[in-house]
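None of these values were measured; they are calculated from a predicted model. Below, chains carry the letters A, B, ... as their sequence lines are ordered, and counting in each starts from 1.
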Number of protein chains: 2
Amino acid sequence: MSQEKIRNMDEFAALCGISRPTISKYFNDPNSVRPSTRDRIEAALKEYDYRPNIYAMNQNRRLTKNIGIVVPYLADPFFAEIARVIERRCIDAGFTPTLFSSHGEPGQETAILDTLRSLRPAGVLLAPLGRASDRKHIEEFCRDVPTILFDSNIEGVGAAFVGSDNFSFVSQTVEYLSRTGSAPCFFEMRDPANPNANKRRHAYLEMMRRLNLEPHLIKIDGTGWGFEEIGRTGALKVLKQDLLPTDTVLCSNDRLAIGVLSACHELGIRVGREEGCTIRIASHDDHPYSRFTCPSLTTAAHDYEAVSDHAVETLFRLIEAGGRLETREETLFAARLIMRASA
Amino acid sequence: MSQEKIRNMDEFAALCGISRPTISKYFNDPNSVRPSTRDRIEAALKEYDYRPNIYAMNQNRRLTKNIGIVVPYLADPFFAEIARVIERRCIDAGFTPTLFSSHGEPGQETAILDTLRSLRPAGVLLAPLGRASDRKHIEEFCRDVPTILFDSNIEGVGAAFVGSDNFSFVSQTVEYLSRTGSAPCFFEMRDPANPNANKRRHAYLEMMRRLNLEPHLIKIDGTGWGFEEIGRTGALKVLKQDLLPTDTVLCSNDRLAIGVLSACHELGIRVGREEGCTIRIASHDDHPYSRFTCPSLTTAAHDYEAVSDHAVETLFRLIEAGGRLETREETLFAARLIMRASA
DNA sequence: ATATATTTTTGACGCGCGTAAATAAATGGC
DNA sequence: GCCATTTATTTACGCGCGTCAAAAATATAT
């Protein structure tokens with residue numbers, strides 16, 4: 001590696017003995033230049049370690065290679081994991097993804113979208129906060145920037161939605177639980193921030209109706225994204241007052257369930273389907289930690305890979321199509337029941 | 001809000017009735033223009049919703065307002081949380097932070113640094129992978145870009161290091177455990193990826209020497225960043241073979257401890273300091289989930305706020321000083337013992 | 001060898017803004 | 001109302017690269 005620092009493409013082109021426009025062409029698509037030319041450029045690249053200035057590149061390109069990824073809450077390992085997979089897919093496809101977290105705050109979400117505008121991304125993968133989102137602001141953003149929604153849908157907004165089929169989650173857990181023991185009650189937040197929660201409640205009610213069982217909704221108080229703590233305090237209250245209508249609790253999501261497990265432990269209530277256990281707990285999402293809870297959590301798993309892959313692929317199609325799809329697509333992936341010790 | 005789309009600063013300046021250089025000055029520092037001028041600009045800003053093109057701005061500025069934040073593993077809520085705090089501080093100071101995760105892979109880490117170069121950041125906050133990091137590559141990067149290391153130190157690399165005082169963590173847990181029960185053994189990975197782990201082991205040995213107690217190291221196999229699973233399988237092995245020298249286990253970090261708790265539960269071993277419990281488990285970090293484990297985890301907590309604040313403040317000083325500090329500073333913050341149910 | 005298709009080079013322009021120097025205008029104190 | 005000071009404007013140039021059209025060079029087919 002030579003010591004000399006190359007300042008710009010002109011200097012690099014001169015060192016290659018190739019014209020600058022050809023170098024420019026190479027960087028936009030190495031396969032667009034003749035193999036012999038490509039070899040000469042790549043040899044020089046090893047020698048001098050030059051990289052074109054991103055800002056100058058993106059300024060003039062009609063379309064950047066940027067992709068924005070927005071998740072509602074990165075401190076939730078579920079979103080951290082799905083963001084990781086999506087990031088990798090984008091990099092492999094030659095894009096430069098940038099990851100943002102709304103940190104559970106609608107203000108942050110709109111601020112991120114504003115920032116994203118000036119990044120001039122080719123496309124955006126957005127998992128909205130949900131109910132708290134500023135719908136109008138997101139709608140406006142989607143009009144200007146090709147955007148795929150994932151995880152949490154906003155009807156009619158964005159070019160497509162990719163997520164999980166909430167009915168598939170709940171139908172499997174309800175069916176399993178009521179087949180192997182008493183029918184579950186449904187444990188959830190009173191005002192869930194995420195629209196998936198509402199869909200899961202409806203799915204629960206529908207499933208109980210089909211099975212001819214009496215539904216029980218347990219709605220607990222709490223706001224924000226500290227679901228474990230909300231689940232814990234809510235469960236403590238319910239359990240202490242002995243308000244549980246059945247010995248089987250189906251939580252809306254794993255993070256709530258982690259809180260419920262914690263409350264049960266505090267109160268000395270044994271959870272599981274073994275002998276000596278007085279309560280069964282199950283849930284949805286297959287959160288990365290749910291296999292390490294005590295007891296390990298029976299849950300319905302997202303098809304992470306399928307959701308990530310399909311969201312990214314749809315975005316690429318959208319970008320290639322110039323930012324518009326004929327119709328707004330909605331794709332839902334089925335869940336997989338994961339039987340562990342808690343139910 | 002008017003409908004007309006403004007294409008560039010010239011158009012916006014014309015609509016304001018103010019010259020473009022003055023507008024440019026305003027965007028670089030709103031306080032650098034006369035209040036009456038500022039008001040006119042801001043009135044027009046509301047009217048027309050113009051934002052300068054980031055790429056054109058950064059291209060010519062000697063110093064961008066970009067800050068890079070790199071953490072080793074974003075799916076770990078510990079890093080997600082610290083990244084969140086740091087991000088906020090940067091935004092409040094008028095910078096544009098960009099968050100990257102090395103995803104536990106050295107290749108990713110070097111790739112991120114390469115990407116960061118072309119972002120021309122004013123400064124970078126880097127939490128290296130640790131032992132697996134490509135030291136030379138990071139060193140070279142730090143020569144070109146003002147960088148503060150945090151969480152995990154690499155001797156002599158970067159302008160400063162900000163982290164937690166591992167001795168403070170371990171001395172408190174060891175002191176507490178041996179005062180309230182039998183002395184702890186130390187549970188850790190055989191080849192820890194993170195240098196903090198080594199410091200913690202040394203601190204344990206030193207503390208046991210001072211207290212005149214016999215140390216026991218339990219080294220378990222496993223590589224990568226799936227610490228919970230590594231802790232779980234390691235603990236299962238140790239517990240099944242009854243290799244535990246004491247009834248008190250001090251884990252190197254909370255994620256390992258979560259795995260150990262999981263193993264204990266599987267084997268029907270009751271953990272805690274209550275009657276009927278046969279083992280105590282404590283740990284270090286105060287991982288966001290450690291209060292929801294069953295039982296809740298006694299641990300030593302990082303001073304998240306102090307570490308984040310000091311890291312960011314040091315970076316700002318570094319940037320203002322033109323990228324060089326007189327001497328390489330190393331700042332360590334003490335831990336706080338959090339007594340919960342597990343020990 | 002010649003004609004045709006493909007690739008590269010040349011030269012030129014523009015992107016949107018930073019920045020510097022010189023000039024003009026506004027402000028503030030007396 | 002005058003002068004010194006601060007602030008704004010004008011003018012001009014440059015950043016590093018994308019992109020286009022026309023000309024030149026090269027590769028491929030006949």
Side-chain angles (χ1 to χ4, degrees), chain A residues 4-45 48-66 94 96 115 117-122, chain B residues 4-45 48-66 94 96 115 117-122:
Chain A
E4 328 169 28
K5 299 269 171 189
I6 287 124
R7 308 167 150 260
N8 55 39
M9 204 178 265
D10 271 312
E11 282 189 24
F12 181 70
L15 286 166
C16 289
I18 294 177
S19 75
R20 189 181 65 73
T22 305
I23 306 283
S24 170
K25 214 174 164 211
Y26 167 84
F27 278 109
N28 279 310
D29 178 8
N31 291 315
S32 69
V33 303
R34 198 189 307 155
S36 62
T37 313
R38 186 163 57 235
D39 291 346
R40 283 166 65 195
I41 295 175
E42 279 164 2
L45 225 42
Y48 297 105
D49 164 57
Y50 158 78
R51 2 184 64 222
N53 180 312
I54 284 197
Y55 292 102
M57 286 176 65
N58 283 336
Q59 178 174 11
N60 299 327
R61 240 207 278 260
R62 34 181 117 109
L63 214 56
T64 69
K65 284 289 196 175
N66 296 335
T96 307
T115 304
R117 265 178 205 277
S118 64
L119 270 183
R120 298 183 47 220
Chain B
E4 328 168 28
K5 299 269 172 189
I6 288 124
R7 311 170 147 256
N8 54 37
M9 205 178 264
D10 271 313
E11 283 190 24
F12 181 69
L15 286 167
C16 288
I18 295 177
S19 75
R20 190 180 64 73
T22 304
I23 306 282
S24 170
K25 214 176 165 208
Y26 167 85
F27 278 111
N28 279 310
D29 179 9
N31 291 315
S32 69
V33 304
R34 199 189 307 154
S36 63
T37 314
R38 186 163 56 235
D39 291 346
R40 283 166 63 196
I41 294 174
E42 279 164 2
L45 226 42
Y48 298 106
D49 161 60
Y50 158 77
R51 1 183 67 222
N53 179 313
I54 285 197
Y55 292 101
M57 286 176 65
N58 283 335
Q59 178 174 12
N60 299 327
R61 242 207 278 260
R62 32 183 122 106
L63 213 58
T64 68
K65 284 288 198 175
N66 295 336
T96 308
T115 304
R117 266 178 206 277
S118 64
L119 269 184
R120 295 184 47 220

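- Contact between the side-chain N/O atoms of A/Ser24 and the OP1/OP2 oxygens of D/dC17 is not found at any separation under 4.0 Å.
- The side chain of A/Asn53 contributes no N or O atom lying less than 4.0 Å from OP1 or OP2 of D/dC15.
- Between A/Phe27 and A/Tyr50, the two ring planes are perpendicular [angle over 60°; tilted spans 30° to 60°].
- Between A/Phe27 atom CZ and D/dT19 atom C1' the separation is 17 Å, expressed in whole Å.
- Across the protein-nucleic acid pair, B/Asn58 atom CG and C/dC15 atom P stand 20 Å apart, rounded to whole Å.
- The side chain of B/Thr37 places an N or O atom within less than 4.0 Å of a non-bridging phosphate oxygen (OP1 or OP2) of D/dA8.
- Side-chain to base pairing of B/Arg20 with C/dG16: no donor and acceptor N or O lie closer than 3.5 Å to each other.
- The closest donor-acceptor contact from the side chain of A/Arg120 to the backbone of A/Arg61 lies under 3.5 Å.
- For A/Arg7, the CZ atom counts as loosely surrounded, since its 6.0 Å shell holds 12 or fewer non-hydrogen atoms of other residues, nucleotides or ligands.
- When atom types are taken as modelled, the side chain of B/Asn28 and the backbone of B/Ser24 share a donor-acceptor pair closer than 3.5 angstrom.
- Phosphate contact (OP1/OP2 of C/dG14, side-chain N/O of A/Asn60, threshold under 4.0 Å): absent.
- Mapping B/Tyr50 and B/Ser36 onto DNA chain C via the closest heavy atom, the residue that lands nearer the 5' end is B/Tyr50.
- Atoms CG (A/Asp10) and P (C/dA12) sit 14 Å apart, rounded to a whole Å.
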